[in-house]
Structures are given as structure tokens and as C-alpha cells.
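Naming convention: chains lettered A, B, ... in sequence-line order (proteins, then strands); numbering from 1 in each chain.
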Amino acid sequence: MDKLIIIDGNSIAFRAFYALPLLSNSSGLHTNAVYGFTTMLLKLIEEEKPTHFLVAFDAGKITFRHTEYSEYKGGRQKTPSELSEQFPLIKDLLKAFKIPQFELSGYEADDIIGTLTKAADARGEKVLLVSGDKDMLQLASEQVTVAITRKGISEMDRFDPEAIKEKYGLTPHQIIDLKGLMGDTSDNIPGIPGVGEKTALKMLHDFGTVEEVLANTASLKGKMKEKVEEHAKSALMSKELATIYREVPMETEWDSFRYDGFDGQALSTMFRKLEFKSLLEKLDFGAVSAEAEDLVVESLEAVAVTEANIGKLIEQLDDHAAIHVEAIGENPHQAVMVGVVWFIDDGADNTSYYVPFALLQSDAGKPLRDWLSDASKKKQLFDLHRAQLALAWQGIHLAGVDFDVLLAAYLLDPTDSNLSLSALSVKYGLPSVKADEDVFGKGAKFRLPELAALSDHVGRKAMAMARMVPVLRDELEKGEMHRLFYELELPLSAVLAEMEMRGIAVDAEGLKTLGVELGKQLDTIMSSIYKLAGVEFNINSPKQLGEVLFEKLGLPASKKTKTGYSTDAEVLERLAPYNEVVGQILHYRSLAKLQSTYVEGLLKEVRPETGKVHTYYRQTIAATGRLSSQFPNLQNIPIRLEEGRKIRKVFVPSEPGWYMLAADYSQIELRVLAHISQDEKLKEAFLQNMDIHTKTAMDVFGVEESAVDSNMRRQAKAVNFGIVYGISDYGLSQNLDITRREAAQFIEQYFAVFQGVRRYMDDIVKDARRDGYVTTLLQRRRLLPEITHSNFNIRSFAERTAMNTPIQGTAADIIKLAMVQMADRLAKEGLKSRMLLQVHDELVFEVPADELETMKELVPEVMASALKLDVPLRADVDFGLTWYDAK
DNA sequence: CGGGTCACG
DNA sequence: ACGTACGTGACCCGG
């Protein structure tokens, strides 16, 4: 049997546009609506397997409805240019899909669809009609199913007449009456003012049609009767406007909608232009497009090196080369080595040499190992940090790396969430490489392919990497980020790898003891909660907890999440006065977190041989330039509450008689703000070394220092936080639990005093709009394409990001500088002290007793002088036998 | 594998 | 009118 899919083109394009973030490709073309449209088409083709297909569009301009009602669709926002520029792309896309398109001047897509579904009905063919507009429900029939998008575009609700009956108690045709009564603000159809969906449905259930409702106003009551009578004409006109016209004079020849598959060639070209990397990979055009002439595929001779031919590679070793280190696994401290690849480009031929790791480690591999460790042999690679760690665990010290493709790509676009070689080769228009996932598989299906395929794949990775080096080097130069790259990030990679290899010692016995105590407390609290609640349930399940609190115990639910009641700490704290159990649950939650994440989780990461944990700092994740930490995350060890803070006691020196020493920047973000904004008041506060929150309270409340009480200081502190985050009255009001009006007043008073800060906030948003990005003091860059988005929320988010990123990012620049300088000083001065951790504004060291005095001076000195600002930087230092004591 | 929650700066 | 504070990672639950 045939099956026709009809898509309401304008409606789906709008839906996709507003549902997805404003994506754009590297030439600045917006692509989110096209992307959403594409994924929907692919999904429909795959799941529905249509035999016939078409998309209907509004032809735009005036339709016959305007001639009847000039206000039709009035008051509707102009289509944002970010969307209208995408319509031509969608039309090209449909051509590549080989899906027929219909539009007819004077008619809307609705009418074309109405006419076509009528024809299909008459022929007795199955139709699936896809739209975001509930009006379409009037076209449902035994033959025609209407799918309405829900929550964005990925999910749809399907309606046949039965489903419409179930949901609204109406026939498809009565949908028109529904709209006649309630109107439709988006089309500026008036309906009857004051009649919403509920009232309209009730009337229709009683009377059936608009006409019958009007004929029976006598049985309506009071205000409603007046309203209906007064707006009777409007209701009739609205009904007429809502009626889809089904007699458009047009070709309805069934066979002209036949769908026999897309043009893979055209589609892959289209996807490449739009930079739909994931879709390109998903459809695997690799094979198809490799033959296509428009795609450059470089030839490569991929040599799998053996003991017999290793001499050929050794012979060719030069003073520089692109290499690729293939190691399997997310955690580089536990990576399984596959091998190392050398890419040799001698001008005539491209040759890659894949050296299996066992061979590299054998006697025959010695010259290669020496080459890797020779700092005078310059290497370019992808992900130096990871390669260095993986090799170090195998006893190979990697040195002399002068370019890292991953690091460069990150600096060029720190928000890119897919920085794989495969994705980058597409992004920078270079010969493509297969994704690792496609070659190796993933999860349980992961396996290395046979030698020839493996050596080809890793060889192509090395080649792609080599091709990317000059491109990215130029881009860094253009963005004035070469110093940031060569003088900061690249040296930092090595510093981080060194810190991580060293690891930090953990007192596992102490941790276990803590775990036993927590276990006892958890048992006690658990039984107490069950008793108070009168039922046993899984306290860790927000779903079950919600049911107990809000249904069984009948506590007032306030916040909702997508899936049900919210039970987060903020909600529970409000509920605490109602029932004793709530406080217990909060306590249970905090202890359970300590137990699962910080006792059990941390214990799993301790190496039994050394008693140390080795975190992995990620240098290419955070959009602002900060580091992040994994396996385990050592940047979120508890400190705010004493119960959790005790966890810090298990972080100890790795040598007897040594100390832990920690130094943290004081108010680095506000000091950075003072420097960037050049705000006189803020600068003055730091030049006089005042308590910044107290000073803010004095200025905002206009009082003397002695009159600032703890509450005023607390509020001033929240305002300072808000300023750094890109303030909004709503956010501040939530944080301080005050009204928005009060919050707005605070902000206004703050800006009245700190006028330079206000100027900075205004200017940085303007700059971001003009340039499309913001930068830190060291020229770190973050692209903000959404700063001009027509959607208020999306745009506001970008504006706050524009305000925050230069501040957070410059602070990140500064501590990174301090780390590189610190590593240098330790080496130069022959100190035995070791840098172990970075926690955004804090550095942690282990220090032998006889270096304590030196380090207490040196660390804060280096941190404070890492970068010269117009206000002083300050770092406070302390030491003790554990991290806990170095406070 | 996504959502909810919570730990940190 | 819109409905949010900025940046991360780990754990648990439940489909």
C-alpha cells in the first residue's frame, strides 16, 4: 500500500528554529532550522518508509484571507532574518532529498495541504501529515493521520479521529469551531475574548458548533452570555478564517509525489557545506563521496612496520615529523597502547608508518624511542597532554612537541563540543578521516580491525593531523592567539602531565574509616526516615521521594521538573518546618553524597601500588579557558560544610616529614573586573586592600564601615557574585530570596556607585555584537554567535556570557601563567617541592620541611606577580599535615 | 543514556 | 512578555 507524507514546511521550519540553539557553520551561515528539518526528514524516511512525499510552503505575501480580513496574521513578529535566510537552504535540501515542493501564490501551505489530503482521501490512500500547528487536526480522517510536534521537534503526537475524540471530545471538523470560539493569537484571529480552550470545549460539548452556540446563548450565564452575544460576528468570522480551504486549483496527480530515495551525492555536498558533521558520519557517505570528484582524497601508502622493515623508517627520521599516538580508553593514566604512527611527506608520496606498541618497546624500537624523547626532534601531534601521559606510564618520555592540533582547535573555538580529528578535518575543509567509532566500534563492540585497516586508519589520522598544522597555525596568528598558544597553553600541557603523573597521596585507611562512620550514620537516618514517613522507599530516587512527600504526606509541592516534582535542597528547605522528616532527608542526602562520591568513588581511584590518585586535567573542555578535572575530579572536594571538609584530611604528603601547602588567590575575579573595567571605586577598594564585600555594602547602602552588619555584607557579596556572572534582577532575587523589584534596586544602586563597571557591561555586549566574540586579557577568544539571536532567552544568555567570560577567562589565564612560572622556578631553583593540584584559584603543593619557609614566600609571590594588573593580585598561603590543615 | 541532584570555584 | 544567574564532573535512577 502507498503511504504519503506531507510536511507543513513553514510550520516545521519555525519549530526547528525555536527549538534548537542558533547553530552556524564556520562561514557564519545559520543552520539550526535546516538541521532540525534534516533530522526530521531522515527520521521520517527511516521510520515511515514513505512511498510518496511532499512539502508544502506558504508562498508568502498576501493570501485570500487578507482580502477578507485585513488584520489576519497582524501583530505577528517579523520572521527573524536568522530564519528567513535558511529557507533557501531548506529548499535546496529538499532538492537533494528529491522531495517535491509545493507553493502557490495567494494560498497558504494549509490550503495546499487541505486540497492534497482531500485528493488522497478520495483515492483511499494513507497519509501522514506533519505540522507544528494544531489547526491541522481538522484534516484528520480514517486515511489521514496528523502528527503534531511536541517539545521541540523530536517528538510527535499522532492524531487520528479517534485520538482527537479522546483528547478533546471533538470530531476533526469541530476543531474549526474550537478555534472560532477561542481564536488564535498567533494568527491574530480574535475568537470570543475571554473564551479559552476550557470554556470553548465545554460549549462545543454542549452544542456542537459555533452556530449552535450562538443560537443557544439563552442557556449561558451572566458575563459569558454577554460576551458571546457581543462577539457573535467575530466568532463566525474566526471560524471562517480557521477553515482550511480544500479546493485549491492545482495538480494533484498522485504519481508526481512519488518518493524513490535521496540523491546521496547532492546530500553529502549539502551536508558538507552546512557542516553537518554528525549527519555526514551517520549516513556514511564516505564510500560514495570518495569516488566523487569534488572531494579531494589524498593517496597514502600506509606501512605497517615490522622488525623486518623498521630500518626504512629509522633511516627517514628527520629533525621534525607529524606523529600520532594511538591509545585506547578515556583515562590516559590507564590507556591501552596501540602504537605510534610517523607521517612522512617527502613531497612526492605520502607515507605513514604504523609501529605497533610491542615493536616500539622491543630492542628494535630503541632508535624510535630515543627519537621520541629527544627534545631537539620537533613533533606535531594531536593531544600532546594525553599522548605524554599514556607514553609516560610505559616509560617513554615524550619531548620536543612544537604543535598540538587539538589544543589549537580548542583555542580557535573553545565551545566546539566535537574536537575529534574526524570532525576537525571536515570543519577545516581538509581530506576527511573516518571517526574512530566507525572503525573501532564502541562500548561492548569495540575491537581493533585487522592490521591493514588499522594501519590505514591511524595513518590517515596522522596525515590529517599533519595537514591541519599549517592551517591552524595561520588561524592562531590571525586571531592573535599564537603567544597564548606557544607561551602558555603548550608549555602548560607538559606541566599538567607532570603534576598528574606525580599524583597525590591518599590515606586510604582513613578514607575507609570515614566510610564506616558514614555508613552507620546513614543506617540510623534511613530507619528514622522510614519511621517518620511510615513507608520504606528508595530515598535516592527523586521520583519515589516526591511521591512520599507530596502524595503520601501531602506536603505542598512548589517547583516542578520535566519529569515530576522537584525535590532539590531549595525545595526541601522550604518544607522543613512542616515535617521533621524533611530535615532528615536533607541530612541523608548530604551524607549519601559524601559516601558515594567522595569515599567510595575516591577509593576506587586510589592505585593500590602507590596509594595515590592521578587526576586528569582537561585543557580543552571549558568554554572560558578554565581547566577541568576527571577520574577523579579533584576540583570539587567538599569544603563548605565541616562534615564534608573532613574528606580533605585524607589528602596527605607522599613523603614522610613533608607538608601540604596551599595558596589561593584572593578575589581574583573582582580584581580582574577592576582592571578590565577601570572602575575607579573598585580599583580604589583593592588598592587600599579593603574587604571587598564590606566596601561594596558601604557604597551601595551609603553607610560607614561600622554600620555594615553581617546581613548587609551578605547581600553585597551576592551582588558582587551577580556582577561577575552577568547580572539579572531575577537571578539576584532568587539568590537573596527577595523580590525582583528589590533586586533591581540593589543593582541600580550598585551601578550608580560603580559606574565604570556599568560601562564595561554595556561596552562588552556591544563589542560582542560587533565582533561576534569576546576575549580575555591574553587574547583567549570565545565566539558568541547567539548574541544577535531574535529569541530573548537565547540572546540574554549570550549577553551574560559576554560579561562573564572575559572575567572568568582572564582569571584562568592568570593562574595558568602562575603554574607555568611556578614549574619553572621549582626546576631552576632546584627545589624538591612539587605542584600537585589546581582548583581554579588555588594551587596545592607538597613540600619538604626544609623548604617550607622558602615556599611560603615563593608561591604567593609568583602567583601575585604572574600578570601585572592595575590593581594588586594577592594570594594567601597556608600549610599543614593534610590538605584540610592547609586552610 | 538523559535527567535530577549536588560537590566545587 | 519573555523566565536566567557563570563554569565544571560524578553519582543515582529509570526507561
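If you check every strand for non-hydrogen atoms under 4.0 Å, Asn538(A) touches sugar and phosphate atoms only. In this structure, Ile639(A) reaches the sugar-phosphate backbone alone: every heavy-atom distance under 4.0 Å involves primed, P, OP1 or OP2 atoms, never a base. Among the heavy atoms of the strands lying under 4.0 Å from Asn636(A) is at least one base atom, whether or not backbone atoms are also near. Among the atoms of the strands shown, only primed sugar atoms or phosphate atoms (P, OP1, OP2) are found under 4.0 Å from some heavy atom of Ile637(A). When heavy atoms are screened at a 4.0 angstrom cut-off, Ala812(A) is found touching no nucleic acid atom at all. When heavy atoms are screened at a 4.0 angstrom cut-off, Gln808(A) is found touching base atoms of the nucleic acid. Note on Ala592(A): nothing from the nucleic acid sits closer than 4.0 angstrom, heavy atoms only.
The base of dT4(C) has none of its N or O atoms less than 3.5 Å from a complementary donor or acceptor on the side chain of Ser796(A). No donor-acceptor contact under 3.5 Å links the side chain of Gln635(A) to the base of dC8(B). Not a single donor-acceptor contact under 3.5 angstrom links the side-chain atoms of Arg626(A) to the base of dT8(C). With hydrogens and angles left out, the side chain of Arg782(A) and the base of dG7(C) share no donor-acceptor pair within 3.5 Å.
In this pair, Phe446(A) and Phe440(A) present their aromatic rings tilted. The plane angle is within the 30 to 60° band.
Between Thr561(A) and dG4(B), a side-chain N or O to OP1/OP2 separation shorter than 4.0 Å is present. The side chain of Arg589(A) contributes an N or O atom lying less than 4.0 Å from OP1 or OP2 of dC6(B). OP1 and OP2 of dC8(B) both lie 4.0 Å or more from every side-chain N or O belonging to Lys593(A). Residue Gln595(A) places none of its side-chain N or O atoms closer than 4.0 Å to OP1 or OP2 of dC11(C). OP1 or OP2 of dG9(C) has not a single side-chain nitrogen or oxygen of Ser629(A) nearer than 4.0 Å. Of the side-chain N and O atoms in Thr624(A), none sit less than 4.0 angstrom from OP1 or OP2 of dT8(C). In terms of phosphate contacts, Ser628(A) brings a side-chain nitrogen or oxygen within less than 4.0 Å of OP1 or OP2 of dG9(C).
Minimum atom distance to the side chain of Phe631(A) is reached by dA10(C), of the listed dG9(B), dC13(C), dA10(C). Of the candidates dT5(B), dC8(B), dG9(C), the closest approach to any side-chain atom of Ile621(A) belongs to dG9(C). For Arg800(A), taking side-chain heavy atoms from C-beta onward, the closest of the listed nucleotides dG9(C), dT8(C), dT4(C) is dT4(C). Among the nucleotides dG14(C), dG3(C), dA10(C), the one closest to the side chain of Asn793(A) is dG3(C). Considering only side-chain atoms of His840(A), the nucleotide from dC12(C), dG9(B), dT8(C) that sits closest is dG9(B). For Arg640(A), whose side chain is taken as the heavy atoms from C-beta onward, the closest listed nucleotide among dC8(B), dT8(C), dC13(C) is dC8(B). Distances were taken from every side-chain heavy atom of Asp568(A) (C-beta onward) to each of dC6(C), dC6(B), dA10(C); the shortest belongs to dC6(B).
At a non-hydrogen distance threshold of 4.0 Å, Ala718(A), Gly722(A) from residues 713-722 of chain A come into contact with DNA chain C.
Looking at Ile676(A) and Tyr760(A), their side chains come closer than 4.5 Å, going by heavy atoms from C-beta outward.
Ion pairing between a basic and an acidic side chain is recognised when a charged N comes within 4.0 Å of a carboxylate O; Arg626(A) and Glu669(A) show such pairing.
Judged purely by atom type and a 3.5 angstrom limit, Lys649(A) has no side-chain atom pairing as donor or acceptor with the backbone of Gly510(A).
Going from the P atom of dG3(B) to that of dT4(C) covers 15 Å, rounded to whole Å. The gap from the P atom of dA5(C) to that of dT5(B) amounts to 14 Å, rounded to the nearest Å.
When both distances must be under 3.5 Å, the Watson-Crick or G-U wobble mate of dC2(C) does not exist.
For the pair Arg781(A) and Tyr773(A), the cation-pi criterion (under 6.0 Å, within 45° of the ring axis) is fulfilled. Both tests hold for Lys560(A) against Tyr565(A): distance to the six-membered ring centre under 6.0 Å, angle to the ring axis within 45°.
Listed by chain and number, the residues in a salt bridge (Lys or Arg N to Asp or Glu O under 4.0 Å) with Asp841(A) amount to none (sequence neighbours excluded).
Considering CG of Asp436(A) and CG of Asp438(A), their distance stands at 9.0 Å, rounded to 0.5 Å.
Stacking of Phe792(A) onto the six-membered ring of dC2(C) is not present when judged by under 5.5 angstrom between centres and under 30° between planes.
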